[in-house]
Amino acid sequence: MSFSQEKLNPQANTGADETSRCNGCDCHCKFGVHYFYRLNFLNRLIPRVEDWFCPTINGNPIKQYKGPNGQIIDATREVPFHLNRSAKEQAIELAHEIVKFCDHYKTR
């Protein structure tokens, strides 16, 4: 019973703190980060490879998720080279927001 979005639950309230696990149900899914590459064509002749990341919930990369009104939200981010927060910290923070919309998340 890991993260799923078969049902829409926009009123879920996160009780999550800054740990790397969800506390919304008995599964206690672990949060993490998934790194991947994207090609960006600055011009049509020279592609540039960019480092990107997205959160993982229970080992599954979450590149998109359904938001509060059922809209699809992009969860991918470019890897920050100049920010104080690491990609892992940002991914875990985003995972805490995404689990609010999990079918199994219990409102508190």
Side-chain angles (χ1 to χ4, degrees):
M1 189 169 78
S2 61
F3 180 79
S4 73
Q5 287 194 304
E6 297 300 318
K7 300 181 248 173
L8 183 61
N9 187 7
Q11 300 301 318
N13 179 18
T14 183
D17 54 18
E18 291 302 315
T19 64
S20 62
R21 290 196 177 266
C22 176
N23 64 1
C25 74
D26 293 337
C27 188
H28 300 289
C29 292
K30 186 174 181 179
F31 300 147
V33 62
H34 170 72
Y35 295 96
F36 60 97
Y37 301 105
R38 279 191 180 158
L39 285 178
N40 182 358
F41 290 88
L42 295 174
N43 60 42
R44 295 178 189 244
L45 300 175
I46 303 171
R48 185 178 86 184
V49 177
E50 297 177 338
D51 295 321
W52 284 70
F53 70 95
C54 66
T56 62
I57 299 176
N58 223 30
N60 298 313
I62 308 295
K63 292 187 177 181
Q64 295 180 329
Y65 64 99
K66 293 179 193 172
N69 297 318
Q71 77 273 28
I72 301 299
I73 300 173
D74 184 17
T76 61
R77 306 285 188 268
E78 192 169 1
V79 172
F81 290 105
H82 60 283
L83 299 176
N84 292 333
R85 294 178 22 224
S86 70
K88 184 173 183 178
E89 290 171 327
Q90 290 182 52
I92 290 172
E93 181 180 300
L94 184 54
H96 279 288
E97 294 299 316
I98 293 171
V99 296
K100 294 177 190 178
F101 307 107
C102 177
D103 295 335
H104 308 291
Y105 198 92
K106 299 174 186 173
T107 58
R108 303 212 188 272

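Sequence positions, counted from 1, serve as the residue numbers for this chain.
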Practice problem: Taking all non-hydrogen atoms of both residues into account, name the closest pair between I73 and G67 and its distance. | Solution: CD1-CA, 3.6 Å
Self-check item: Spacing of SG belonging to C54 relative to CD1 belonging to I98, to within rounding of 0.5 Å
Solution: 8.5 Å
Quiz prompt | Contact summary for P47 and F41, nearest pair of heavy atoms | solution = CB-CE2, 3.4 Å
Quiz item: Are any of the side-chain heavy atoms of V49 and L39 separated by less than 4.5 Å?
Solution: yes
Quiz item: Roughly how far apart are E89 CD and E93 CD, rounded to 0.5 Å?
Solution: 9.0 Å
Exercise. Check the pair N58, C27 against side-chain contact (heavy atoms from CB on, under 4.5 Å), reporting the backbone distance first and the verdict last.
Key: CA-CA 9 Å; N58 223 30; C27 188; 4.2 Å; yes
Quiz item: Do you know which two heavy atoms are closest between R38 and T76, and how far apart they sit?
Solution: NH2-OG1, 3.1 Å
Quiz item: What closest approach, in Å, do Y105 and V99 show between heavy atoms, and which atom pair accounts for it?
Solution: CD1-O, 3.2 Å
Quiz prompt | Residue pair F31, I57: steps toward the side-chain contact (heavy atoms from CB on, under 4.5 Å) verdict | solution = CA-CA 5 Å; F31 300 147; I57 299 176; 4.1 Å; yes
Quiz item: Which heavy atom in P55 sits nearest to a heavy atom in A95, and how many Å separate them?
Solution: CB-CB, 4.0 Å
Self-check item: Rounded distance [0.5 Å steps], CD1 in I92 versus NZ in K30
Solution: 9.0 Å
Quiz item: Does atom CD1 of I72 have more than 12 heavy-atom neighbours, drawn from other residues, nucleotides or ligands, at distances under 6.0 Å?
Solution: yes
Quiz item: Linking I/L/V/M/F/W/Y whenever their side-chain heavy atoms sit closer than 4.5 Å, directly or via other members, would W52 and V33 fall into one cluster?
Solution: no
Quiz prompt | For the student: nearest non-hydrogen atoms of A87 and F53, plus distance | solution = O-CE1, 3.4 Å
Quiz item: If you measure from NE2 on H96 to OG on S20, what distance do you get to the nearest 0.5 Å?
Solution: 7.5 Å
Quiz item: Can you list every salt bridge (Lys or Arg N to Asp or Glu O under 4.0 Å) pair that touches residues 50-63, not counting sequence neighbours?
Solution: R48-E50
